[in-house]
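The structure appears right after this line, and notes come after that.
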There are 2 protein chains.
Amino acid sequence: MPKKRPSPKRRSGCPLNASVEILGDRWSLLIIRDMMLRGFRSYKEFLESYERIATNILADRLRKLEAHGIITTERNPSDGRKLIYSLTAKGIDLAPVLTEMVLWAAGHEDTANQELVRLIQKDKEQFLAAVRQRWAEQRIRSMANY
Amino acid sequence: MPKKRPSPKRRSGCPLNASVEILGDRWSLLIIRDMMLRGFRSYKEFLESYERIATNILADRLRKLEAHGIITTERNPSDGRKLIYSLTAKGIDLAPVLTEMVLWAAGHEDTANQELVRLIQKDKEQFLAAVRQRWAEQRIRSMANY
DNA sequence: TATTTTCACTTGCATTTCACAAGTTAGATA
DNA sequence: TATCTAACTTGTGAAATGCAAGTGAAAATA
């Protein structure tokens with residue numbers, strides 16, 4: 001059941017505007033990419049990702065993503081220092097957005113990671129299904145830790 | 001022929017990162033929405049759009065979008081004050097990105113404009129084809145002005 | 001022709017956000 | 001007990017943003 005939170009003080013009711021207000025910055029989607037495509041789940045992994053996000057920005061973005069219901073945070077039961085960040089259903093539903101952004105840049109800009117691009121181009125729906133499947137499996141494995 | 005410009009000082013070669021560096025702010029995609037979906041073509045129209053962009057920000061974003069080859073600027077031959085902003089092929093290729101962002105927000109946030117959302121949901125490919133068609137027609141009409 | 005309007009901006013300034021470096025705290029490890 | 005690690009927070013300067021007012025060229029109007 002997708003809960004739709006009322007929008008507090010949005011600039012407009014346009015759905016694109018909502019997306020832009022939530023995701024329209026230089027870091028949020030990269031964090032989501034790291035979780036969705038690379039399986040990153042810890043603060044340290046995000047920090048060490050290639051684009052080098054600053055630690056205060058990372059903390060801020062994780063807070064905001066959680067506030068928006070895109071990720072969840074839980075403590076690792078076997079090591080109380082570690083936090084595990086996971087994508088919610090709302091978060092994994094961003095897969096088509098990321099996918100189209102990858103395809104657009106790959107088609108119009110000089111970019112790397114052509115294996116990923118070709119994989120998406122070959123069969124977009126299958127790629128999205130695989131992403132969702134991995135997410136679902138990781139979820140089950142997480143629950144098994146308790 | 002899609003020219004791929006070399007990326008000057010990108011944070012990484014990841015295609016998603018390229019998209020985020022070009023489009024990842026609170027206004028660029030709204031300007032593109034106004035051009036793509038509402039047919040806006042002048043500075044004044046963008047300024048008066050519902051979200052109320054500041055004039056200096058608008059000028060800056062139009063400059064950057066043009067520098068990235070997403071829009072073009074031409075002077076209206078019948079009124080030398082007016083400039084006409086148009087989406088390039090690279091710009092109209094953002095339609096799938098906008099579409100997925102609209103669907104995501106519509107599914108998870110409290111948003112308006114449900115007619116548009118339902119139109120997209122009914123047949124996404126047909127919606128995209130219609131957007132492209134309108135763009136192509138507008139292009140031809142523009143050329144006819146000369 | 002002179003004056004006013006329109007259009008697409010620019011400029012100045014206060015506020016907010018960002019980037020970088022350093023420091024902090026709770027919990028694990030030796 | 002001391003050290004280490006993970007996940008932050010804090011401080012500071014730089015850059016981006018938001019708001020109001022002003023500018024200049026071209027067009028419309030008197």
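Convention: sequence-line order gives letters A, B, ...; per-chain numbering from 1.
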Inset, instruction - Calculate the interatomic distance between A/Leu83 atom CG and D/dT9 atom P; express it in whole Å. - result: 11 Å
Legend entry - Length of the line joining A/Glu51:CD and C/dC20:P, which is rounded to integer Å: 13 Å
Legend entry - Basic-acidic side-chain contact under 4.0 Å: B/Glu45, B/Arg38: no
Legend entry - Gap between atoms CG and C1', on B/Asn76 and D/dA26 respectively (whole Å): 12 Å
Inset, instruction - Pick base, sugar-phosphate or nothing for B/Asp60, based on heavy-atom distances below 4.0 Å to the nucleic acid. - result: nothing
Inset, instruction - Output the single nucleotide from C/dA21, C/dC18, C/dC20 whose closest atom is nearest the side chain of A/Thr55. - result: C/dA21
Legend entry - Upstream residue (5' side of DNA chain D) when A/Asp79 and A/Arg11 are each assigned their closest nucleotide: A/Asp79
Inset, instruction - Report yes if a side-chain nitrogen or oxygen of B/Arg63 is closer than 4.0 Å to either non-bridging phosphate oxygen (OP1 or OP2) of C/dT10; otherwise report no. - result: yes
Inset, instruction - Nearest-nucleotide wise, let me know which of A/Arg26 and A/Gly80 is further upstream toward the 5' end of DNA chain C. - result: A/Arg26
Inset, instruction - Respond yes when some side-chain nitrogen or oxygen of B/Trp27 is under 4.0 Å from OP1 or OP2 of D/dT17, and no when none is. - result: no
Legend entry - Under-4.0 Å side-chain N/O to phosphate OP1/OP2 contact, B/Arg75 with D/dA27: no
Inset, instruction - Send over the distance from B/Ile57 CD1 to C/dA14 C1', rounded to a whole Å. - result: 14 Å
Inset, instruction - Figure out the CD1/C1' separation between B/Ile84 and C/dT6, and round it to whole Å. - result: 16 Å
Legend entry - Nearest-nucleotide comparison on DNA chain C, the residue closer to the 5′ end among A/Ala54 and B/Tyr43: B/Tyr43
Legend entry - Nearest-0.5 Å distance, NE2 of residue B/His108 to OG of residue A/Ser19: 10.0 Å
Inset, instruction - Select one nucleotide: of C/dT5, D/dT9, C/dA26, the one nearest the side-chain heavy atoms of A/Arg81. - result: C/dA26
Inset, instruction - Can you measure from CD (A/Glu100) to CG (B/Leu98) and round to the nearest 0.5 angstrom? - result: 10.5 Å
Inset, instruction - Provide, to the nearest angstrom, the distance between the CD1 atom belonging to B/Ile53 and the P atom belonging to C/dT10. - result: 14 Å
Inset, instruction - Could you work out which one of C/dA8, D/dT10, D/dA7 sits closest to the side chain of A/Asn56? - result: D/dT10
Legend entry - Between D/dA16 (C1') and A/Asp25 (CG): distance, integer Å: 13 Å
Inset, instruction - Compare all side-chain heavy atoms of B/Thr73 with those of B/Leu62 and state whether any distance is below 4.5 angstrom. - result: no
Inset, instruction - Indicate whether OP1 or OP2 belonging to D/dA6 is found under 4.0 Å from a side-chain N or O atom of A/Lys82. - result: no
Legend entry - Whole-Å distance separating the CZ atom of A/Arg61 from the C1' atom of C/dT17: 8 Å
Legend entry - B/Val20 side chain near A/Arg33 side chain, heavy-atom distance below 4.5 Å: no
